Amino acid sequence: MTSGEKMRRECCFRLEALFGQGMQSSCFPWSWRLAGISGKSQILFALVFTTRYLDLFTTFISLYNTVMKVIFLICAYITVYMIYVKFRKTFDSENDSFRLEFLLVPVTGLSFLENHSFTPLEILWTFSIYLESVAILPQLFMISKTGEAETITTHYLFFLGLYRALYIANWVWRYHTEKFYDQIAVVSGVVQTIFYCDFFYLYVTKVLKGKKLSLPMPV
């Protein structure tokens, strides 16, 4: 891995650690009810972190980087365990019905076609970037299917979207200060933010005013 690649991944990870992990640990609704939370989205996020941080076994960047990556992975799989094992009785599996193959198949194909270099670790890293951009879709699909979401769930989703929006701001700043531009990361970030746009509007106009978020039920 070149020094430029190390810098790219170190900088990416700093923003993830600051917003992503803080959001998941503090805002995820660890109550006795998991109604409204998509287990399939959490599985995808666990897969994102797993494929992204395989360089733990090949490259040492810094102690901070290594420790935070391990924390990310542990938290991701604890989340999946909580949903499907510990609190499975309160998990709404009937409405969490998005078919993951509709995301995994095209993302896998695209990661082989469009990447920085055709090596196993780089393809898996690219796969994680593409997958993260669509990992929230099962959650948004679940909300649209039920027609509404609890307030704590909407806060969780808002911080997920905010973390990605700030991730884009990071790339804009790096281009301005370092003339560094990663097309794969930037385009994927923009795509994910677009998915959140409608949700952001409803969050600001309803949730922040004390109203319950509701979406049109699918026909």
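Not measured: the values here are computed from a predicted model.
- Note on L103: it clusters hydrophobically with L110, by side-chain heavy-atom contacts below 4.5 Å among ILVMFWY residues.
- For K145 and D96, the salt-bridge test fails: no basic side-chain N is under 4.0 Å from an acidic carboxylate O.
- A donor-acceptor pair under 3.5 Å is absent between the side-chain atoms of R52 and the main chain of F49, judged by distance alone.
- Ring orientation note: the planes of H176 and W173 are tilted relative to one another, at an angle of 30° to 60°.
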Q) For Y81 and K86, what are the C-alpha separation, side-chain angles and deciding distance, and is it a side chain to side chain contact (heavy atoms under 4.5 Å, CB included)? A) CA-CA 7 Å; Y81 168 80; K86 190 173 182 61; 4.2 Å; yes
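- Cluster membership check: L56 shares its hydrophobic cluster with I74, using side-chain heavy-atom separations under 4.5 Å among Ile, Leu, Val, Met, Phe, Trp and Tyr.
- Side chain of S111 to backbone of T108: a donor-acceptor contact under 3.5 angstrom is found.
- For CD of Q183, the number of neighbouring non-hydrogen atoms (other residues, nucleotides, ligands) closer than 6.0 Å is 12 at most.
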| message | Between M142 and D92, does the side chain to side chain contact (heavy atoms under 4.5 Å, CB included) criterion hold? Intermediate values first, please. | response | CA-CA 9 Å; M142 186 176 184; D92 187 6; 3.6 Å; yes
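- When only modelled atom types and interatomic distance are considered, T50 and Y77 share a side-chain donor-acceptor pair under 3.5 Å.
- No donor-acceptor distance shorter than 3.5 angstrom exists from the side chain of Q42 to the backbone of T79, with no hydrogens or angles considered.
- Aromatic ring pairs are classed by plane angle as parallel below 30°, tilted from 30° to 60° and perpendicular above 60°; the pair W125 and H116 is tilted.
- Hydrophobic cluster membership is shared by L47 and V70, with clusters built from Ile, Leu, Val, Met, Phe, Trp and Tyr side chains linked at under 4.5 angstrom.
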